[in-house]
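Start at 1 and go down the list; that is how both ligands and their atoms are numbered. In what follows, residues are counted from 1 in the order of the sequence shown.
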Amino acid sequence: MASSCLSFNASVSPNHDLFRRHPSSPLLRHRPVLVSCTSPADGNNTTTPIETVVKPRRTENTIRDDARLQRSTAANPFSARYVPFNAPPGSSEHYSLDEIVYRSRSGGLLDVEHDMEALKRFDGAYWRDLFDSRVGKSTWPYGSGVWSKKEWVLPEIDDDDIVSAFEGNSNLFWAERFGKKFLGMNDLWVKHCGISHTGSFKDLGMTVLVSQVNRLRKMKRPVVGVGCASTGDTSAALSAYCASAGIPSIVFLPANKISMAQLVQPIANGAFVLSIDTDFDGCMKLIREITAELPIYLANSLNSLRLEGQKTAAIEILQQFDWQVPDWVIVPGGNLGNIYAFYKGFKMCQELGLVDRIPRMVCAQAANANPLYLHYKSGWKDFKPMTASTTFASAIQIGDPVSIDRAVYALKKCDGIVEEATEEELMDAMAQADSTGMFICPHTGVALTALFKLRNRGVIAPTDRTVVVSTAHGLKFTQSKIDYHSKAIPDMACRFSNPPVEVKADFGAVMDVLKSYLGSQTLRS
Ligand SMILES: Cc1ncc(COP(=O)(O)O)c(C=O)c1O
Ligand SMILES: N[C@@H](CCOP(=O)(O)O)C(=O)O
């Protein structure tokens, strides 16, 4: 092996990033490094040559400068494009990701299609090692859980155009006490996507969409601003990423239907906020009409770019289980982009040999906003949009989900299930989870209710490895918790409420209440 040529077998050696990441290593300094990757998939020791000139780091460099210095000069072998979602065989319709297009010629949804043949030139072990090697570092842009999978997300974007808050890499934790106490389960996990830059999973998709907009604007494409309709989380993510890149954002919010914490997010980030006297579906209809007329780029998940980022949460789950596949993954659903994004992430891992199967998925809806559930119960016969009623799970108060076709496709492919949760069920589940140390959002309460129901029916077994996706941070929804714990919700027993005890500032009075409390604890244990 020539000293300037590091040839490695993809299934054995970690990856080229390791070499890029340590430019100050005496072995690498000033040395052109030709990284060629054996492709076990075709048995040849040929390559995708990724040539990197490693230059010394100057102290005034930013991490972007570092990334620029270490960048490969070889042609990028990976690419992606828009195609009609679930296109019929033989369809040749496709669009560059640099085009501004949200719908196929027939008016259907689009999907981002990756050049899977190019990705398949590397085997599963290569991709696992590559992704694993990027976790927990601050290398631009791989410090992000989304961009650490860049080759599978937006392979062609220049690192310089990426707008990232190093989102993703959210924790997946063992819900030991909740699982044992309430469900008799020993392998229950929560993927906390709400521990994120703006407090929800929307950051994962928004970094991708805003990065692409950044690129389009540099290419002088007509994008004056980026807009969305929102139940709160999409607008929070959009406004934060746009503000970070200096791009105007415009958000349409249903008046009085989102939490105060969510409302203040786009306001604080300088978005142009319209509070509109309608529901989310009304806002969605308006933003679609407006973005067809004005040079405002549409940021809702109708835009399939978003799902490319969101799918990395599924890849992360597999990675966090050391590439073992869980039995079940439960996701709360509203506009229904996320359930498809999860399916896509799992499916890519299977197709590219990182894992050998995919989990069964459950989509959980609030009973007050359950068009997918009703469609599932009808045996997938006719889908009927509805007017969603008020729900504590306000971010999924959606009656006419734009990604209905994507969701149905994903659920059919993974032998999935749809469940629903009444207001009382979701609030009780949230309170129960919180009582074991979590602080979840009501949407996660919807997902936990689905789990309760499926466990009670014996569909999910006590030892099944199950992941509940927590989609937002509970701190965005404190008012619902206050209402519950103060028993201020009409027609709800609030069985697990834990209101504060008011007591006089008097030693005897405090002793009395404490003795009574401690006595009840002893009796319980
Ligand atoms: C907190 C939260 N959970 C779940 C969802 C549902 O995701 P999706 O619309 O992709 O189904 C949303 C948004 O809709 C949300 O904001
Ligand atoms: N919950 C969403 C609703 C819009 O969903 P999107 O994924 O299509 O943007 C929100 O937070 O606005």
Participant: Atoms of ligand 2 less than 4.0 Å from Arg306 heavy atoms?
Facilitator: 6 (P), 7 (O), 9 (O)
Participant: What's the shortest distance from atom 8 (O) of ligand 2 to any protein heavy atom, and which residue and atom give it?
Facilitator: Ser301 OG, 2.6 Å
Participant: Starting from atom 5 (O) of ligand 2, find the nearest protein heavy-atom neighbour and note its residue, name and distance.
Facilitator: Lys202 NZ, 3.3 Å
Participant: Report, in ascending order of atom number, the atoms of ligand 2 lying under 4.0 Å from any heavy atom of Ile398.
Facilitator: 3 (C)
Participant: Heavy atom under 4.0 Å from ligand 2: found in Val402's side chain, backbone, both, or neither?
Facilitator: neither
Participant: In the protein, what heavy atom is nearest to atom 1 (N) of ligand 2, and what distance, to one decimal place, separates them?
Facilitator: Thr231 OG1, 2.7 Å
Participant: Taking distance alone, with no angle check, do Asp233 and ligand 1 share an N/O pair under 3.5 Å?
Facilitator: yes
Participant: Heavy atoms only, cut-off 4.0 Å: how does Asn338 contact ligand 1, side chain, backbone, both, or neither?
Facilitator: both
Participant: Where's the contact between Asn335 and ligand 1, heavy-atom distance under 4.0 Å: side chain, backbone, both or neither?
Facilitator: both
Participant: Tell me whether Lys481 forms a cation-pi arrangement with Phe439, defined as NZ or CZ under 6.0 Å from the six-membered ring centre and within 45 degrees of its axis.
Facilitator: yes
Participant: Under the criterion ring-ring contact (aromatic ring centres under 6.0 Å, His included), which of Tyr297, Tyr95, Tyr82 is the partner of Tyr102?
Facilitator: Tyr297
Participant: With heavy-atom distances below 4.0 Å as the criterion, list the atoms of ligand 2 near Ser230.
Facilitator: 10 (C), 11 (O), 12 (O)
Participant: With respect to atom 8 (P) of ligand 1, which of Val469, Leu372, Ile258, Leu336 exhibits the smallest heavy-atom separation?
Facilitator: Leu336
Participant: I'd like to check whether Gly333 has a polar contact with ligand 1, where a contact means an N/O of the residue lying under 3.5 Å from an N/O of the ligand.
Facilitator: no
Participant: Should Ser235 be counted as touching ligand 2, given the test is an N or O pair under 3.5 Å?
Facilitator: no
Participant: To the nearest 0.1 Å, how far is atom 9 (O) of ligand 2 from its closest protein heavy atom, and which atom is that?
Facilitator: Thr234 OG1, 2.7 Å
Participant: Give, for atom CD of Glu351 and atom NZ of Lys344, the distance between the pair rounded to the nearest 0.5 Å.
Facilitator: 10.5 Å
Participant: Could you list the atoms of ligand 2 found under 4.0 angstrom from a heavy atom of Asn335?
Facilitator: 4 (C), 5 (O), 6 (P), 8 (O)
Participant: I need the atoms of ligand 2 closer than 4.0 Å to a non-hydrogen atom of Asp233, numbered in the order shown.
Facilitator: 10 (C), 11 (O)
Participant: Starting from atom 2 (C) of ligand 1, which protein heavy atom do you reach first, and at what distance in Å?
Facilitator: Thr471 OG1, 3.4 Å
Participant: Against heavy atoms of Phe280, which atoms of ligand 2 measure under 4.0 Å?
Facilitator: 3 (C), 4 (C)
Participant: Between Gly334, Pro401, Ala393, which one has a non-hydrogen atom sitting closest to atom 11 (O) of ligand 1?
Facilitator: Gly334
Participant: Have Thr391 and Gln397 got a donor and an acceptor in their side chains that come within less than 3.5 Å?
Facilitator: no
